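Right, one structure below, let's go through it.
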Amino acid sequence: MHSIVYPSTRRTDAFDNLHGQRIDDPYRWLEGDARSDGEVAAWIAAQNAVTSAHLTSLPGREVFRARLEALQNHEKFTIPRERGGRYFYTRNPGLENQATLLVRDSVDGPDRVLIDPNTWSDHGTRALAEWAPSKDGALLAYAVQEDGADWRTIRVIEVASGKVLDDSLAWARFTTIAWASDGAGFFYTRYPEATAGDAALANHAVYFHALGTPQSSDRLLYATPERPELLHFVEVTDSGRYAVITSTPGTQTNNLVVIDLHDERWQPRTVVKGFDAEWSPVGDAGSTLYLLTSGRAERRRIATLDLADPGAVPQDLIAEDSAVLGDARLVGGRLIGTYLVDVKTQLRRFTLDGRADGVVPLPGIGSAGGFQGHPDDNEAFFLFTSFNAPTTIYRYDVAANTASVWAAPTVDADLDNIMVEQRFYASRDGAQVPLFLIRRSDVAGPAPTLLHGYGAFGISMISYYEPSLLAWIEQGGIVAIANIRGGGEYGKAWHEAARLDKKQTSYDDFIAAAEYLRAQGIVTPDGLAVHGESGGGLLVGAVVNQKPELFAAALPGVGVMDMLRFHRFTGGRLWMGEFGNPDDAAQFRTLLSYSPYHNVAAGKPYPAILVTTADTDDRVVPAHSFKYIAALQNIDAGPRPHLVRIETQAGHGAGKPTAKAITEMADKWAFAAVWTGLRVE
């Protein structure tokens, strides 16, 4: 393997004086946009050249690429949505860069291609994002994503003819699309035109677009200029009578606003005030709105609200349980609750008056949910997946409580030979943390291990079918997934235990997982690689600074690495409810204590590090990764390589072409294999 000479990165005297402390930021110039800043573009090219030369020399790279391609070459479906007797869903036959939107005129009828985004660009970098059919199934609104960006352009297509209408809506971001029941138009959310660049985002608002009219005439329905940081999401209830708006500061809390669409004034009415809990609509019947809430229930419960009564307050319906209620849907006259029991799904049925009505049978232990159906229709659909079971779509008969396979892929993998085990380990404070171990059934002794985690925003690391993990496991490696605090595996308390000033708890849990793998003889000596993306990239950056000796290799992807300036870019201010505000003195000190960029220090035995990011990521801007790797390359961080791989014409992850995703994953696994000692054959 050739020796590495890193590109020179210019240092400046940029700094901030924060709360009486000087914070040097010598690589601030890397915050420039490569599309308009020639020096940043040249730096990217130089870094990619060095990284590419190293990755090309890795012995297992082509083996992983070929196997990842084979493992990804299977059908992938989304759950169908029935509207007006038509069934809409997406399908990727295997290796297409983007999934195609299909429609059937009956549940078992032939497929017809409605939208194929693979025809939109030569390299598959334009993607189909959000989409929603009208209630009668005659029209479908869809969002177009460019180069992985969060910005969307919304278009409309006639389902019968395939004709794309002239309607074109810009400035949409973090949007839902919700049709009025008469199909005359739809609700959506967007930012003001002036914020369409990479500036900090503000003044998200709800609009109604009438078909055939220019966007300039769209009706502004709801905005919060007094709280410009809020995000708004809108949906129309199954009955078509109510538009329900949830507004959130970016945490798992929101208020609730309802618009009675039978009243021509369309007057917004706040029915749940404040931001103390989550309030999510799950269905309606008559004037009753069913809500999932964490109010007075850390593991969530179901409540009802009588919208016919202007003074009504939510009423208890289904009490909080020891399991975590993650989602609920009203289908076929039943409420179906998706519960997590030690990070494993259980689907529970309830009558509309809250009485328990059994469970939905599942094919095994794993993750299920995502119900699509209607309150007055006996037919519904859901998915099931697990670490050793590919994502399968089930058609569900609500009255009979039976499920049958509607769409299932055939995969090129011996899944009977994949063993899944759940263990629990003690963290630094004694808390018991779940840990999934996935390996070949014949791998009994210590093996190179890939440790994966997230631990933020209340997001749970549930079991799911991921071909990229199988590529590592098939070579004799082990995958470990730690359900650390900061996630939602045990409800709000699990999340709150590692939020704001308690964020270090996530890192303590993850470090404890690494120590457990070593102490139990699961991982080989110097055979542990650590991997995470986005909030998980932050996790990797933090723990590698704190305990570098535990890891042989680290793979932080699209990570939040500068915790003192994250709120200055695009949607970063939305994360302050999770991480804190650097402008607050106490929160600043917490953020500085673990910020990956600011805690890189010479003299530590850093593992081999391959940072991955993308040049057009407008969620976690690539400057986070640029500055972090520049700091590492500037110090004595040990003899192992510290490189950055910068994808072009790609964003945070959603919409990334399949070919790009496979190549990037092959590079990551080959890099980790070399430094953990995994033999790739």
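The basis for the numbers below is simple: all heavy atoms, side chains too, and nothing from hydrogens, waters or symmetry mates. Everything numeric in this text was worked out from a predicted model, so none of it was measured.
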Flag side-chain contact, heavy atom, 4.5 Å: [X] against [Y]:
{"X": "L55", "Y": "L643", "answer": "no"}
{"X": "D25", "Y": "F15", "answer": "no"}
{"X": "F551", "Y": "I609", "answer": "no"}
{"X": "Q21", "Y": "F588", "answer": "yes"}
{"X": "Y507", "Y": "L539", "answer": "yes"}

Taking the six-membered ring for Trp, are W675 and H54 parallel (under 30°), tilted (30 to 60°) or perpendicular (over 60°)? parallel

Scan for ring pair (Phe, Tyr, Trp, His ring centres under 6.0 Å) pairs involving residues 608-646, sequence neighbours excluded, and state none if there are none. W43-F626

Would you call R28-D16 a salt bridge at under 4.0 Å N-O? yes

Is R568 salt-bridged to E31, going by a charged N under 4.0 Å from an acidic O? no

Between L528 and L451, is the side-chain contact (heavy atoms from CB on, under 4.5 Å) condition met? List the steps. CA-CA 7 Å; L528 184 60; L451 174 61; 3.9 Å; yes

[X] side-chain N/O to [Y] backbone N/O, donor-acceptor pair under 3.5 Å:
{"X": "D509", "Y": "R485", "result": "yes"}
{"X": "W29", "Y": "R10", "result": "yes"}
{"X": "T189", "Y": "A205", "result": "no"}
{"X": "T153", "Y": "V144", "result": "no"}
{"X": "H452", "Y": "H531", "result": "yes"}

Nearest 0.5 Å, please: how far is NZ in K503 from CG in L591? 11.0 Å

Donor-acceptor pairs are to be reported for all side-chain atoms of residues 226-234 against protein atoms at under 3.5 Å, with residues two or more places apart or in another chain.
| unit_1 | atom_1 | unit_2 | atom_2 | d |
| --- | --- | --- | --- | --- |
| R227 | NE | E229 | OE2 | 2.6 |
| R227 | NH2 | E229 | OE2 | 2.8 |
| H232 | ND1 | S247 | OG | 2.6 |
| H232 | NE2 | H204 | O | 3.2 |
| H232 | NE2 | T224 | OG1 | 3.2 |

For residues [X] and [Y], is any side-chain donor paired with an opposing acceptor at under 3.5 Å?
{"X": "D147", "Y": "T125", "value": "yes"}
{"X": "Y606", "Y": "N545", "value": "yes"}
{"X": "H495", "Y": "E578", "value": "yes"}
{"X": "N483", "Y": "Y490", "value": "no"}

Does E496 form a salt bridge (Lys or Arg N to Asp or Glu O under 4.0 Å) with K502? I'd like the steps, not just the answer. CA-CA 8 Å; E496 293 291 332; K502 298 183 287 293; 5.3 Å; no

For F510 and Y454, what are the C-alpha separation, side-chain angles and deciding distance, and is it a ring-ring contact (aromatic ring centres under 6.0 Å, His included)? CA-CA 9 Å; F510 208 50; Y454 189 78; over 10 Å; no

